[in-house]
Trainee: 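Attaching a single structure in structure tokens format; questions to follow.
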Amino acid sequence: GAGVSQSPRYKVAKRGQDVALRCDPISGHVSLFWYQQALGQGPEFLTYFQNEAQLDKSGLPSDRFFAERPEGSVSTLKIQRTQQEDSAVYLCASSGVASPLHFGNGTRLTVT
Amino acid sequence: QQQVKQSPQSLIVQKGGISIINCAYENTAFDYFPWYQQFPGKGPALLIAIRPDVSEKKEGRFTISFNKSAKQFSLHIMDSQPGDSATYFCAASLPIDYKLSFGAGTTVTVRA
């Protein structure tokens with residue numbers, strides 16, 4: 001595809017459930033980022049991959065959040081034992097070498 | 001703490017008018033200052049970006065003004081159109097590090 005693809009677009013989870021969010025970056029893009037965007041706020045950095053290596057996970061809010069990119073392309077963000085405060089839009093972005101970020105349309109997670 | 005502060009939170013402008021959004025940053029190591037445009041249900045899309053070695057950059061109706069000594073930068077939207085109605089985010093990142101710090105966003109409404 002031409003852009004960053006995220007699935008599902010919407011996810012409703014009961015508190016305590018585990019969820020997995022998928023990101024398909026633009027083909028050939030080395031860098032991949034996950035951001036969390038709360039309602040009415042700017043995106044907040046979660047984690048960064050260069051190929052399959054997770055180089056920065058300083059933005060992950062707790063050890064319930066885990067991200068992987070095992071083959072250096074598709075990435076999955078997993079949230080264990082979801083809490084209401086996890087409700088947000090999760091954005092994935094990718095970039096090539098020395099190029100700007102391209103964002104996907106996000107996954108809106110609602111925890112009830 | 002928020003590394004980039006953005007104002008105003010919202011603004012309304014008449015068609016043909018000028019929209020001005022301001023941002024301030026603290027970290028003098030920031031080296032890349034993009035502006036993103038976001039429509040409801042979509043991911044942020046890069047609008048225009050500047051590096052601190054220039055004081056102004058113009059692309060079509062959009063202009064970034066950059067004041068390195070004041071640690072401020074602004075977006076000017078000239079001849080605002082109803083299609084410009086969106087949320088605008090300023091951001092900043094360190095050199096060769098595309099982890100972006102975003103402002104809180106400005107919702108622009110252009111009245112026809």
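First the proteins, then the strands, lettered A, B, ... as listed; each starts at 1.
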Trainee: Based on non-hydrogen pairs under 4.5 Å, which of B:Ala49, B:Pro34, B:Pro44, B:Gly41 is most in contact with chain A?
Mentor: B:Pro44

Trainee: Does any heavy atom of chain B fall under 4.5 Å from the side chain of A:Thr47, the backbone, both, or neither of them?
Mentor: neither

Trainee: Ignoring hydrogens and geometry beyond distance, is a side-chain donor-acceptor pair present between B:Thr63 and B:His76 at under 3.5 Å?
Mentor: no

Trainee: Does atom CZ of A:Arg15 have more than 12 heavy-atom neighbours, drawn from other residues, nucleotides or ligands, at distances under 6.0 Å?
Mentor: no

Trainee: Students often mix this up, so state it plainly: with edges at 30° and 60°, are the rings of B:Trp35 and B:Phe73 parallel, tilted or perpendicular?
Mentor: perpendicular

Trainee: Does B:Glu26 pair with B:Lys5 as a salt bridge, N-O distance under 4.0 Å?
Mentor: no

Trainee: Should the pair B:Asp84-B:Arg61 be classified as a salt bridge under the 4.0 Å nitrogen-to-oxygen rule?
Mentor: yes

Trainee: Checking A:Ala93 against chain B: side chain, backbone, both or neither under 4.5 Å from a heavy atom?
Mentor: neither

Trainee: Which bit of A:Arg9 is near chain B, if near means a heavy-atom gap under 4.5 Å: side chain, backbone, both or neither?
Mentor: side chain

Trainee: Between A:Glu44 and chain B, which part of the residue has a heavy atom less than 4.5 Å away: side chain, backbone, both or neither?
Mentor: neither

Trainee: Can the positive tip of B:Lys99 be found less than 6.0 Å from the middle of the six-membered ring of A:Phe45, inside 45° of the ring normal?
Mentor: yes

Trainee: So, B:Arg51 and B:Asp31, do they make that salt bridge, N to O below 4.0 Å?
Mentor: yes

Trainee: What residue, out of A:Ala98, A:Pro100, A:Gly40, has the most heavy-atom pairs lying under 4.5 Å from chain B?
Mentor: A:Ala98

Trainee: Answer with side chain, backbone, both or neither: which region of B:Gln38 has an atom nearer than 4.5 Å to a non-hydrogen atom of chain A?
Mentor: side chain

Trainee: Does the separation of the ring centres of A:Phe49 and A:Phe33 fall below 6.0 angstrom?
Mentor: no

Trainee: Return the orientation label for the B:Phe66 and B:Phe33 ring planes: parallel under 30°, perpendicular over 60°, tilted otherwise.
Mentor: tilted

Trainee: With chain A as the partner chain, list the residues of residues 101-112 of chain B whose heavy atoms fall under 4.5 Å from it, by residue number, and write 'none' if nothing qualifies.
Mentor: B:Phe102, B:Gly103, B:Ala104

Trainee: Quick one: do B:Lys57 and B:Glu59 make a salt bridge, cutoff under 4.0 Å?
Mentor: yes

Trainee: Given that the side chain runs from C-beta out, which part of A:Leu91 has a heavy atom under 4.5 Å from chain B: side chain, backbone, both or neither?
Mentor: side chain

